[in-house]
Amino acid sequence: MAKELNPWLAADARFNEAAGRLNMDEGIRKILRSPSREITVYVPVLLDDGRIEVFTGYRVQHSIARGPGKGGIRYAPDVTLEEVRALASWMTWKCAVVNIPYGGAKGGVICEPQILSPGELERLTRRYTAEIIEFIGPEKDVPAPDMNTNEQVMAWLMDTYSMHMRQTVTGVVTGKPLDLGGSRGRPEATGRGCMIVTLQALERFGMKPEETSVVIQGFGNVGGMAARLMSKRGFKITGIIEWDAAVHNAKGLDIEALMQHRKQTGSIAEFAGGDTIDRDEALYLPCDVLLPAAKEGVITSQTAPKLNCKIICEGANGPTTPPADRILADKGVFVIPDILANAGGVTVSYFEWVQDRQGFFWNEDLVNTRLEEIMVNSFKDVVKYSETHKAHNRLAAYMVALDRVSFAIKLRGLYA
Ligand code: NAD
């Protein structure tokens, strides 16, 4: 199972399969199989008790063939270079699937953010930024939030970079607070993107939102927003699964009331508007759409055979393992793969960067309209590849992405 859940092996397997189907030139394959740059930094931080601790940080730039690197920074005790490398390559493919002018990158710092004080977190963020400063920038590599990093961390990163440049450079990072050059619509963007591509899938099957049941795993940024927006759009959200419990109502849950209940009690359990059920069993509830939006490695060779859904919309990154891909394809499940389904977030990050560089900010309707246009076009591109190449959707999405990135490399030629 450890091998099945290894993110680098999964990224490599999918890359190889798509490159093989595209008959990709062996030289281009070699370029894309390895990252273009990996930076390891050792970050000294003065702790509140007067001691100095040294943290290890990474920034991996997988490809900058189509534009600056783009990808989040995560703070976690178990971050590894291999994981950051895999996530950086996913960002290359994700940005290429939605055809935005970015490459792929990712960063991480090995630390326990929960035990660091706000002051320690700020000093860690500023020194990490200073250590990687020559490698980032609006035209080079644009970080964003990821696990355990947020708007505040992005504001510190932007400020540190700006102090070094002797001018305010908001476009060095996305996911900033609205008052510091953030974009309207960013908090909802990933969930909204999930809804847009799910609506596209329904159209293909002649289904209507009002007749569609949805089970969502994870009630955080992505899952919570998707639940809220989809419920407003008429979908029946029949199940919500969290880390401690799940709630089910075959007639549809009242999502706003469930959010209120969680705010008051700290959990979705014991919600009066549904039955509280076992979280592991809830994954197998019969539904039209399953939307995993919690974590990676949920749909595996062990869980996939028991799933009871027609469509899977991957809000989370890497929820499905390569062996499970085959099982889902055999079962005829229509999978909207992560690099397409959750790309609404990076798309609105791209809008944030564009607005920062223009110094001209859009209203929320414009953000949402442009997001919809990109998500719908990308969905259609993937489905077209899937039909033309007789490939399942994930393979098709990788093929679209690899085609675009390798074309850019060929056009640019090899600098020698
Ligand atoms: P989040 O922390 O806001 O939400 C995750 C939720 O999942 C939390 O409520 C958590 O309690 C719950 N959870 C954790 N373990 C669980 C388990 N075993 N079973 C059920 N629920 C569990 O995080 P998020 O930003 O919503 O990200 C969720 C996933 O989406 C991640 O894989 C992330 O990489 C991916 N993603 C997020 C964005 C974004 O814009 N936030 C963009 C692209 C991809």
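All values derive from a computational prediction rather than experimental measurement. Every heavy atom of this structure was used, including side-chain atoms; hydrogens, water molecules and symmetry mates were not. In each ligand, atom 1 is the first atom listed, and ligand 1 is the first ligand listed.
- Contact annotation for Q217 and ligand 1: only side-chain heavy atoms (C-beta onward) come within less than 4.0 Å of the ligand.
- Ranking protein heavy atoms by distance to atom 34 (O) of ligand 1, first place goes to N317 ND2, 3.0 Å.
- A donor-acceptor pair shorter than 3.5 Å can be found between the side chains of E4 and S301.
- Ligand 1 does not have M147 within reach: every non-hydrogen atom of the residue lies 4.0 Å or more from it.
- In terms of polar-atom proximity, N221 is counted as a contact of ligand 1, with an N or O under 3.5 Å from an N or O of the ligand.
- Below 4.0 Å from some heavy atom of A316 lie the following atoms of ligand 1, by number and element: 29 (C), 30 (O), 32 (O), 35 (C).
- Between T125 and Y75, the side chains place a donor N or O and an acceptor N or O closer than 3.5 Å (distance only, hydrogens not considered).
- With a heavy-atom cut-off of 4.0 Å, E314 does not touch ligand 1 at all.
- Taking the six-membered ring where tryptophan is involved, the planes of W362 and F351 are tilted, since the angle between them lies from 30° to 60°.
- Close contacts of ligand 1 with G315, meaning ligand atoms under 4.0 Å from a residue heavy atom, involve 30 (O), 35 (C), 36 (N), 44 (C).
- Where the criterion is an N or O separation shorter than 3.5 Å, residue side chain and backbone included, V222 meets it with respect to ligand 1.
- Aromatic ring pairs are classed by plane angle as parallel below 30°, tilted from 30° to 60° and perpendicular above 60°; the pair F334 and F205 is perpendicular.
- N368 and R184 form no side-chain donor-acceptor contact under 3.5 Å, judged by distance and modelled atom types alone.
- A salt bridge is defined here as a Lys NZ or Arg NE, NH1 or NH2 lying under 4.0 Å from an Asp or Glu carboxylate O, and E387 with R204 meets this definition.
- In terms of polar-atom proximity, T190 is counted as a contact of ligand 1, with an N or O under 3.5 Å from an N or O of the ligand.
- In this model, no donor atom of one side chain and acceptor atom of the other lie less than 3.5 Å apart for E270 and T265.
- Residues I327 and I299 fail the side-chain proximity criterion, which asks for heavy atoms closer than 4.5 Å.
- The N/O atoms of E242, backbone and side chain alike, include one that comes under 3.5 Å of an N/O atom in ligand 1.
- Counting protein heavy atoms under 4.0 angstrom from atom 32 (O) of ligand 1 gives one or more.
- Relative to atom 13 (N) of ligand 1, the option among A246, A294, A341 with the closest non-hydrogen atom is A294.
- When each atom of ligand 1 is checked for a heavy atom of G220 under 4.0 Å away, the hits are 3 (O), 4 (O), 6 (C), 9 (O), 26 (O).
- Using a 4.0 Å threshold on non-hydrogen atoms, atom 23 (O) of ligand 1 does not count as touching the protein.
- Inter-residue side-chain proximity for K380 and Q200 is flagged as met; some heavy-atom pair is nearer than 4.5 Å.
- The shortest N or O to N or O distance between W243 and ligand 1 is under 3.5 Å.
- Looking at ligand 1, you won't find any N or O of K295 less than 3.5 Å from one of its N or O atoms.
- The heavy-atom pair separating P187 from M225 by the smallest distance is O-CG, 3.7 Å.
- Neither the backbone nor the side chain of A343 has any atom closer than 4.0 Å to an atom of ligand 1 (non-hydrogen atoms only).
- Counting heavy atoms only, A293 comes closest to atom 5 (C) of ligand 1 of the residues A282, A293, S267, G345.
- Under a 4.0 Å N-O distance rule, the pair R126/E122 qualifies as a salt bridge.
- For the pairing with S183, the side chain to side chain donor-acceptor pair (under 3.5 Å) check across Q355, E364, E352, K176 returns one residue only, Q355.
- For ligand 1 and R186, the ligand atoms under 4.0 Å from any heavy atom of the residue are 40 (O).
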